[in-house]
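Below: one structure, written as structure tokens.
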Amino acid sequence: KMQKCLLYHAVEPEELPTLRELSTIEICKVWSGVSRHIYKQLLQKRVVEIGIGSFAVLPAHANVAEGKVLPVERPMFILSKPLKMFYNLESDETKIPAEMPVVQPDFENIAANIHFRHEIVEQCVQETLLCFAGALRDNKEVEFSFR
């Protein structure tokens with residue numbers, strides 16, 4: 001699945017049949033379902049891999065008063081290495097602890113929760129990631145917000 005997001009050419013509209021069929025509200029509903037699913041996985045200390053990278057809650061340090069440091073946990077999105085190399089992107093090197101289980105999104109579960117067919121959910125996510133990769137390829141600024 002990953003290789004599909006490494007684009008040598010621009011994304012053509014015919015490569016996005018599902019996104020063209022769905023309304024903006026439906027696309028938002030899918031991603032809101034995906035977001036909830038990822039959140040539940042993160043609460044269980046799992047890493048969720050979505051093709052272009054992974055969501056994880058990682059240990060970090062917060063600077064409090066007078067040089068005191070507080071250990072905290074921080075939700076993060078870590079871009080995949082192949083994607084960073086392919087698009088020549090720079091980001092901090094973030095290691096995911098080996099003991100953390102890595103899971104893929106459970107599209108059947110997400111679809112059941114939002115009352116969509118699971119093929120639609122999976123294709124909507126894949127096509128959105130393709131659009132995201134297309135924007136990276138064309139050096140466009142992208143805002144991807146999750147609750």
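The first residue of the sequence shown is numbered 1, and numbering continues consecutively from there. All values reported here derive from a predicted model rather than from experimental measurement.
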Do any side-chain atoms of residues 12-19 form donor-acceptor pairs under 3.5 angstrom with protein atoms, and if so which ones, sequence neighbours left out?
unit_1, atom_1, unit_2, atom_2, d
E15, OE2, E12, N, 2.9
T18, OG1, E127, OE2, 3.0

Distance-only donor-acceptor hits, side chain of residues 55-75, under 3.5 Å, sequence neighbours excluded:
unit_1, atom_1, unit_2, atom_2, d
E73, OE1, K45, NZ, 3.2
E73, OE2, K45, NZ, 3.4

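Taking OG from S32 and CD1 from I25, the interatomic distance works out to 12.5 Å, rounded to the nearest 0.5 Å. Rounded to the nearest 0.5 Å, atoms NZ (K40) and CG (L43) are 9.5 Å apart. With values rounded to the nearest 0.5 angstrom, I96 atom CD1 is found 4.0 Å from I78 atom CD1. Here L6 contributes atom CG and S80 contributes atom OG; the two are 7.0 Å apart, rounded to the nearest 0.5 Å. Within the model, atoms CG of L22 and NZ of K29 stand 11.5 Å from one another, a figure rounded to the nearest 0.5 Å. Separation of atoms CZ (R137) and OH (Y8) is listed at 11.5 Å; rounding is to 0.5 Å.
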Please determine whether side chain to side chain contact (heavy atoms under 4.5 Å, CB included) holds for the pair F77 and I52, giving the CA-CA distance in whole Å, both sets of side-chain angles, and the decisive distance to 0.1 Å.
CA-CA 10 Å; F77 181 71; I52 59 169; 3.8 Å; yes
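In the hydrophobic clustering of this structure, I38 groups with I110; members are Ile, Leu, Val, Met, Phe, Trp, Tyr whose side-chain heavy atoms approach within less than 4.5 Å, directly or through other members. Residue I27 is grouped with residue I120 when hydrophobic side chains (ILVMFWY) are merged at heavy-atom distances under 4.5 angstrom, including chains of intermediate members. In terms of hydrophobic clustering, with Ile, Leu, Val, Met, Phe, Trp and Tyr side chains grouped at heavy-atom distances under 4.5 Å, V102 and M76 are assigned to a common cluster.
Within a 6.0 Å radius of CD in E119, more than 12 heavy atoms belonging to other residues, nucleotides or ligands are found. Counted within 6.0 Å of CG on D138, heavy atoms from surrounding residues, nucleotides or ligands total more than 12; the atom is thus considered enclosed.
The aromatic ring centroids of F116 and F107 lie 6.0 Å or more from each other.
Heavy atoms only, all atoms of each residue included: V30 and C124 are closest at CG1-SG, 3.8 Å. For the pair W31 and L129, the tightest heavy-atom approach, listed with the atom from each and the gap, is CH2-CD2, 4.2 Å. For the residue pair L83 and L89, the shortest heavy atom distance occurs at O-CD1, 4.3 Å.
Looking only at side-chain heavy atoms (C-beta outward), Q41 and V103 come within less than 4.5 Å of each other. Under the 4.5 Å side-chain criterion, counting only non-hydrogen atoms from C-beta, V48 is in contact with P105.
Applying the salt bridge (Lys or Arg N to Asp or Glu O under 4.0 Å) test to every pair with at least one member in residues 93-114, sequence neighbours left out, gives these pairs: K81-E93, K84-E93.
Using modelled atom types, one side-chain atom of Y87 and one backbone atom of L7 make a donor-acceptor pair closer than 3.5 Å.
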